[in-house]
Amino acid sequence: MTVRTRFAPSPTGYLHIGGARTALYAWLQARHNGGQFILRIEDTDRERSTDAAVQAIIDGMAWLGLDHDEGPLFQTRRMDRYRDVAQRLLDAGNAYYAYESKDEIEAMRAAAMARGEKPRYSGAYREHNEPCRDDPNRVIRFRNPSSGTVVFDDAVKGRVEWNNAELDDLVIVRSDGFPTYNFAVVVDDIDMGITQVIRGDDHVNNTPRQINIYQALDAQVPAFAHLPMILGADGQKLSKRHGALGVMQYREAGYLPHALLNYLVRLGWSHGDQEIFSIHEMIDLFDIADVNQSASRFDLAKLGWLNQQYMKNDSPAEIAPELAWHLRRIGIDPAQGPDPADVIIALRDRVQTLKEMAQRAKIWYAPIEQWDDKSVAKHLRADGVAPLLQTAHAKFASLGEWSPQAIHVAIEELANDAGVGMGKIAQPLRVAITGTQVSPSIEHTIYLAGRDVALKRIGVAIERALA
RNA sequence: GCUCCCUUCGUCUAGUGGCCCAGGACACCGCCCUCUCAAGGCGGGAACACGAGUUCGAGUCUCGUAGGGAGCGCCA
């Protein structure tokens, strides 16, 4: 049987980090087994679902490279199907109409709580088999078995056993005629031939009642895998109010999709001591059964480290478009300066994100924004600096080939001839080119400025040194 | 309240009864390298929640305690 997994978000917001990991694991599980991965949009909550959110989810998945083989399928397009299945359940006596008002249900729950019991539906309609009639309170409830147990072997949690006595008769069709989540997922997963349901462990408690529905429908029960949550750095649950960022916000913050994927795959899963995984390796090595059972915290520092690993090891040409995207975001035209691939080579050892890289790259695309007074005072006002800079200016002006190597050689010669250390000449040049005393290696700093700009800035620095 | 789930360094984790006085990675600290900042190399501190039990032997199995989480919706 070919493995079929799915990712089924509800479009009520962006694709957040927890959802992204769930999607990744489901995708990996399908790819590892040569199966299919399906994207389904659970939009039965008409009040909270938006088209923008649907788009955000699709964009996020695309950016991460989690491609689906089928979908996106929308639940709202399947209303007739849910009604048919509900009718089938009704006909077979596995479901019934109920007419309690929301207030009555609320009272029922409160009373159960007061008795120290679990709040459950205990209405009379379960016994009565009331016919269908027009009533604003009319819902359809599933007739859950009242005895026995439900057992399932969760791929990550292990064997989970549940007493049917703990379960009540859940609503499967609401008074507005829409199916509820627990019903719609089951119908969908059956119709779509899902063999393995992979989702957040906030759904473990729903699983036994869903299994009962599968059984009432005579359907094959899929395998389940419930993933532990991802917590914030402080150990608190991630929520939109509390640090949960959308996947696309990670792009904006300067992370590479592969780095995010790598971070996510290691959050709750591992393969020995390996930290870096190519996509191919992830697919090859991943097995949902190896996923951890406990929640994990999101650690931005490690993501940063991973991101840098990818910036350092991927080919600069491959990352260049992503850097160009970041440059444009801060108002820089990448065409008005050095090749972004060269910028990557100069900066990848120094920053952890593309966003920082773009910020630092500004000096090569636009005039110096601000001179750092301390740097100027220390290096441009020093004794004997002006002649050194003048010599440098002359050397660069007559340099045959404008390359980091050639520039490096020129500076070394200069230092030797002047009988000074590299620092004595590199620092003033650095301040001349960047306005600060921190930048990549001096030859790259000068090279990336381009000969014209470099000479011009050194000229200005000489004036400052003489002033 | 009830049901279910979880618990190894600060964090992510390795570990499936002896290979573990617990290994790796991030972070942190120190040294080296060095034109700044980094990167890199080398080194360091740092954990089996607690208590019983099973066993010749327990991080690994069982029970209990504590702590954390989820669910108990006509939300998903």
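Computed from a predicted structure; not experimentally measured. Chain naming here is simple, since letters A, B, ... match the order of the sequence lines and numbering starts at 1 in each.
- Considering A/Arg209, A/Arg143, A/Arg109 in turn, A/Arg209 is the only one that fulfils the salt bridge (charged side-chain N to carboxylate O under 4.0 Å, His left out) rule with A/Asp168.
- Comment: A/Arg81 does not engage A/Asp188 in a salt bridge, judged by the lack of any side-chain N to carboxylate O separation of less than 4.0 angstrom.
- Checked against B/A27, B/G40, B/C2, the side chain of A/Gln352 finds its nearest nucleotide in B/A27.
- Atom pair A/Trp269:CH2 and B/A25:C1' shows a separation of 14 Å (rounding to whole Å applied).
- A donor N or O paired with an acceptor N or O is found under 3.5 Å between the base of B/C35 and the side-chain atoms of A/Glu443.
- For the OP1/OP2 pair of B/U36 and a distance below 4.0 Å, the side-chain nitrogens and oxygens of A/Ser439 include no atom meeting the criterion.
- Of the residues A/Leu256, A/Ile276, A/Asp314, the one that meets the side chain to side chain contact (heavy atoms under 4.5 Å, CB included) test with A/Gln309 is A/Ile276.
- A salt bridge does not link A/Arg120 to A/Glu166: none of the charged side-chain nitrogens sits closer than 4.0 Å to a carboxylate oxygen.
- Geometric assessment of A/Arg46 against the ring of A/Phe178 yields a positive cation-pi assignment under the 6.0 Å and 45° thresholds.
- Side-chain N or O atoms of A/Arg430 include one that pairs as donor or acceptor with a backbone N or O of A/Ser439 at under 3.5 Å.
- Across residues 289-306 of chain A, A/Asn292, A/Gln293, A/Ser294, A/Ser296, A/Arg297, A/Asp299, A/Ala301, A/Lys302, A/Trp305 each have a non-hydrogen atom less than 4.0 Å from an atom of RNA chain B (numbered order).
- Remark: the A/Gln274 side chain and the B/G24 base include no donor-acceptor N/O pair separated by less than 3.5 Å.
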Q: Using a 4.0 Å cut-off on protein heavy atoms (strictly under), produce a 5'-to-3' string for nucleotides 63-76 of chain B with B for base contact, S for backbone-only sugar-phosphate contact, and - for none.
A: ------SBBBSBBB
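- Considering A/Val265, A/Leu260, A/Leu64 in turn, A/Val265 is the only one that fulfils the side chain to side chain contact (heavy atoms under 4.5 Å, CB included) rule with A/Leu24.
- Considering CG of A/Asn182 and CG of A/Asn212, their distance stands at 11.5 Å, rounded to 0.5 Å.
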